[in-house]
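Chain letters run A, B, ... following the sequence lines, proteins first and then strands; every chain starts at 1.
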Number of protein chains: 2
Amino acid sequence: MGQTLARERARATAVRKEASAPLPLGTILGGDCVEAMRGLPSASVDMVFADPPYNLQLGGDLNRPDGSHVDAVTDAWDKFDSFGSYDAFTRDWLTEARRVLKPNGSLWVIGSYHNIFRVGAQLQDLGFWILNDVVWRKSNPMPNFKGTRFTNAHETLIWASMGEKARYTFNYRAMKTLNDELQMRSDWVLPICAGPERLRKEGVKAHPTQKPEALLYRVMLATTNKGDVVLDPFFGTGTTGAVAKRLGREWIGCEREARYRDIATERIEAALPLDESALTTMQSRKAAPRVAFGTLVETGWIGAGTPLFDKKRRHVATVRADGSIVSGSADGSIHGLGAKLQGAPSCNGWTYWHLEHEGATKPLDAIRQLYLLATEP
Amino acid sequence: MGQTLARERARATAVRKEASAPLPLGTILGGDCVEAMRGLPSASVDMVFADPPYNLQLGGDLNRPDGSHVDAVTDAWDKFDSFGSYDAFTRDWLTEARRVLKPNGSLWVIGSYHNIFRVGAQLQDLGFWILNDVVWRKSNPMPNFKGTRFTNAHETLIWASMGEKARYTFNYRAMKTLNDELQMRSDWVLPICAGPERLRKEGVKAHPTQKPEALLYRVMLATTNKGDVVLDPFFGTGTTGAVAKRLGREWIGCEREARYRDIATERIEAALPLDESALTTMQSRKAAPRVAFGTLVETGWIGAGTPLFDKKRRHVATVRADGSIVSGSADGSIHGLGAKLQGAPSCNGWTYWHLEHEGATKPLDAIRQLYLLATEP
DNA sequence: ACCGAAACTGAATCATTAC
DNA sequence: AGTAATGATTCAGTTTCGG
């Protein structure tokens, strides 16, 4: 009991120390990634991007979180055992990633059919809530030389929040703008990492699975804000860090191999951050300051007594002095009455109701924009 | 010991009896699919195509921005208590599917991010060997109305053999021909099932999750041979059966709901095998912007069996289901066979080959233009 | 009959803030 | 904690209807 209490106290102290310790922003932690993450405080990062190893079939490559090597076993058990140990490895790093993430943070994992099903099932079991699976469709994949299967032309990413009810960041407008004013879909066409972007040492590619920066660019632009902290437990040659720097995000990496850490450090130092204007993304209306309809009436932008009507002029209403509107015997807010008259569950009164303004028919929202322009220069 | 022996002998007899019992080809078995599959002999079918419930776990109602209501999948068959019970369900039907499959057979499963990771992990655990994961990229998915995530624009299929060393059927040439002489990739662009192909009863869709025939067409053409037996444990309204009949494959279905069995039976009876069928059943199908000749066949714009000829009618050829064409003992793609017959180094099949269309002789290219006109306004 | 407008639809884990 | 108010949000089609 005494021992347990002492241990408890020691751990509490450690946690407190962790919590007050500054995050090692812009650094690559060496050693095993699970151990490295244990040194980070809980609920401290906004997003985790993970590109874990998935060479299940090769064997011998897997180590337990404690560093011990996974022994090969008899052929009969080999399959089960390698899946089992891969699952354990996955559970361990996912568990630490979950601890380190803020409640409103999110997780990205990339993988292929060799490992992604196991990773996906595991993260669901740990309480992560899948928001999308995203397909990276390679525009220039390696062909299947033997002609024995379909060309393996894509990889899969999973994007997950901390739980079913958890909030998360999604820059909807930025994505829609990026996609030529159409909603961004769950399938992304991007070339593989090649040409000058591909890091080489003496003519040989420096890392076997270097990801294209465009992929990380879209991931970060979509699901983080400027200044957010991004953690990559399998940093490799630092694509995550390079793109984070470019997009004005903070980053932390974990990488076991000193060789990759050196290459990544050099690479990220050379990366140029985008300037402020380039970083600004399309914002949703949500971000604009709220204006109550009553304020427009109060300030005279819309006079009491003004007739309102919907686009097809099926309904007409009149503005009252207090910002409510009335139509026959029914009245309410611009939203509530709009919904009531349409029999709809909800209604955005700003876009539903129109008025005559300078000889033209305009939605209320247009007046709101004028008001915002005039009052917030 | 005596007991064990007796049991062994009894089981051997049972197996022998099963093996000699004729397969219920071309029939839909009622009741629970696991029970139904138990009645089938071991190692008796060549391919299993499964479209199991996705376990969607939907929340409340969803409305479009225009206020209309989204008709969601709320059926009892998609409700599971927990991931655990879904996993158990998955393990059960996969186990029977595995028993029923021949050693050189293969398995296809389709799903979404809600369930596919669990299914994929389970089938690996049971010894299946994943050959490809294939992404069905929907050309016309439902948007994300609230702007909260990426448009969920794809579903995932897993194709697996019976084990790492197991053999399997892959019609590489057929796929390459279907894709205009490029290797078929792991991402397939196909429209969702709508229009005349979508089965309706009194104007209401007959089944909430009917799959497009083009999807099954490609699956069967790629991984089965003529005369092979295809089993679908979640038969629904019988897309698998209809396509199997069209492509000259045998089929067995399992379907719990009598209503769906009736619809499927009627549908399959009306389906026409191969040649003259395609045009009438798949008229409104659409596909990728870049049009492969195979796509025109797959979508019914040019029916399998259609005679082709050059402008001076020196050569005649016939269209095959996979988009290849045959003339006497020679065959190939529209380009390759055209070149071969002329003794030319190359040939543009699109302008060389002609067909009768609405009483006139037209080059293939004219049909491609019609197709593009119809699909890309 | 033909044309254009408007309505309808699809495996969907689909809101946020103030009180 | 729950309830009420505010207000943000759609793509590629096919089918129906009015002129």
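- A:Val291 comes within 4.0 angstrom of the backbone, heavy atoms only, and of no base.
- Each of B:Phe83 and B:Arg200 was assigned the nucleotide of DNA chain C with the nearest heavy atom; the assignment lying further toward the 5' end belongs to B:Arg200.
- In the model, A:Thr361 has no side-chain atom that pairs as donor or acceptor with a side-chain atom of A:His354 under 3.5 Å.
- Below the 3.5 angstrom threshold, one finds no donor paired with an acceptor across the side chain of B:Arg198 and the base of C:dT9.
- Within the 4.0 Å cut-off from OP1 or OP2 of D:dT10, not a single side-chain nitrogen or oxygen of A:Arg185 is found.
- Residue B:Asn152 is in sugar-phosphate contact alone, with no base atom involved, counting any heavy-atom pair closer than 4.0 Å across all strands shown.
- B:Arg64 contributes a side-chain N or O that forms a donor-acceptor pair with the base of C:dG10 under 3.5 Å.
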Item to check | Verdict with supporting geometry, A:Trp159 and A:Phe170, ring pair (Phe, Tyr, Trp, His ring centres under 6.0 Å) | outcome: CA-CA 11 Å; A:Trp159 175 42; A:Phe170 181 55; 5.5 Å; yes
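- Nucleic acid contact class of A:Gly349 (heavy atoms, under 4.0 Å, all strands): none.
- Note on A:Lys176: a side-chain N or O is less than 4.0 Å away from OP1 or OP2 of D:dT10.
- B:Glu197 has its CD atom 13 Å from the C1' atom of C:dG10, to the nearest Å.
- Taking the ring axis of B:Tyr86 as reference, the NZ or CZ atom of B:Arg118 does not stay both within 45° of it and closer than 6.0 Å to the ring centre.
- Heavy atoms of B:Asp51 sit under 4.0 angstrom from at least one base atom.
- The separation between B:Leu56 atom CG and C:dG10 atom C1' is 13 Å, rounded to whole Å.
- Dashed line: the shortest gap from a side-chain N or O of A:Tyr172 to OP1 or OP2 of D:dT10 is under 4.0 Å.
- Residue contacts shown for B:Trp77 include a base, since a base heavy atom lies under 4.0 Å away.
- B:Ser112 comes within 4.0 angstrom of no nucleic acid atom, judged by non-hydrogen atoms across all strands.
- Note: CD (A:Glu164) to P (C:dA15) measures 12 Å, nearest angstrom.
- Residue contacts shown for A:Ser333 are limited to sugar-phosphate atoms, with no base heavy atom under 4.0 Å away.
- Ring-to-base geometry places A:Trp129 in a stacked arrangement with C:dT13 (centre distance under 5.5 Å, plane angle under 30°).
- The distance from atom NZ of A:Lys311 to atom P of C:dA7 is 12 Å, rounded to the nearest whole Å.
- Residue-to-nucleotide proximity on DNA chain D shows that, of A:Phe293 and A:Leu182, the 5′-proximal contact is made by A:Phe293.
- Comparing atom distances between the B:Asp78 side chain and each of C:dA12, C:dA11, C:dC14 picks out C:dA11 as nearest.
- Following rounding to the nearest Å, A:Ile158 (CD1) and C:dT13 (P) show an atom-to-atom distance of 15 Å.
- Residues B:Thr239 and B:Arg267 bring a donor and an acceptor atom of their side chains to less than 3.5 Å of each other.
- Taking the C1' atom of each, C:dA12 and D:dT9 are spaced 14 Å apart, rounded to whole Å.
- Taking the side chain of A:Arg290 as heavy atoms from C-beta on, and the options C:dA12, C:dT17, C:dA7, the nearest nucleotide is C:dT17.
- Nucleotides C:dC8 and D:dT10 are separated by 13 Å at their C1' atoms, to the nearest Å.
- Out of D:dT10, C:dT9, C:dA11, the shortest distance to the side chain of B:Ser68 is found at C:dT9.
- Atom NZ of A:Lys362 has more than 12 heavy atoms from other residues, nucleotides or ligands within 6.0 Å.
- Across all strands shown, B:Cys193 has no heavy atoms under 4.0 Å from either base or sugar-phosphate atoms.
- C:dT13 atom C1' lies 11 Å from atom CG of B:Asn144, rounded to whole Å.
- The separation of C:dT13 from D:dA5, taken at their P atoms, amounts to 30 Å, rounded to a whole angstrom.
- In this structure, of D:dT6, D:dA12, C:dA12, it is C:dA12 that holds the atom nearest to the side chain of B:Ala72.
- Remark: the backbone N or O of B:Glu197 is paired with a side-chain donor or acceptor of B:Gln210 at under 3.5 angstrom.
- Side-chain contact check for B:Tyr54 and B:Glu155: at least one donor-acceptor pair (N or O, by modelled atom type) lies under 3.5 Å.
- B:Arg137 has no side-chain polar atom (N or O) that falls below the 4.0 Å cut-off from OP1 or OP2 of D:dA12.
- Considering only the side chain of B:Asp71, C:dG10 comes nearest among C:dG10, D:dT15, C:dT13.
- Taking atom C1' on both nucleotides, C:dC14 is separated from D:dG7 by 15 Å, rounded to a whole Å.
- Proximity of A:His335 to the phosphate of D:dA5: no side-chain N or O atom is located under 4.0 Å from OP1 or OP2.
- Within 4.0 Å (heavy atoms only), A:Leu131 reaches no atom of the nucleic acid at all.
- C:dT13 takes the syn form, because its glycosidic angle lies no more than 90° either side of 0.
- With respect to the salt-bridge test (charged N to carboxylate O, under 4.0 angstrom), the residues B:Asp66 and B:Arg64 do not qualify.
- Spacing between atom CD1 of B:Ile192 and atom C1' of C:dG10 amounts to 4 Å, rounded to whole angstrom units.
- With salt bridges taken as basic N to acidic carboxylate O contacts below 4.0 Å, none links A:Asp322 and A:Arg320.
- For the pair B:Arg256 and B:Trp77, the cation does not sit on the ring face, since its NZ or CZ is not both under 6.0 Å from the ring centre and inside 45° of the axis.
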Checklist entry - For DNA chain C, what dot-bracket results from Watson-Crick or G-U pairs at under 3.5 Å, with [ ] for crossers and | for inter-strand partners? => result .|||||||||....|||||
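- No donor-acceptor pair under 3.5 Å is formed between the side chain of A:Ser161 and the backbone N or O of A:Ser106.
- Within the nucleic acid shown, B:Asn63 has no heavy atom closer than 4.0 Å to any nucleic acid atom.
- Nearest nucleotide to the B:Met142 side chain, out of D:dA8, C:dA11, C:dG10: C:dG10.
- For the OP1/OP2 pair of C:dT17 and a distance below 4.0 Å, the side-chain nitrogens and oxygens of A:Arg167 include at least one atom meeting the criterion.
- Straight-line distance from the CZ atom of A:Arg173 to the C1' atom of C:dA15: 17 Å, rounded to whole Å.
- Residue contacts shown for A:Lys312 are limited to sugar-phosphate atoms, with no base heavy atom under 4.0 Å away.
- Residue B:Lys138 has no polar side-chain atom (N or O) positioned under 4.0 Å from OP1 or OP2 of D:dA12.
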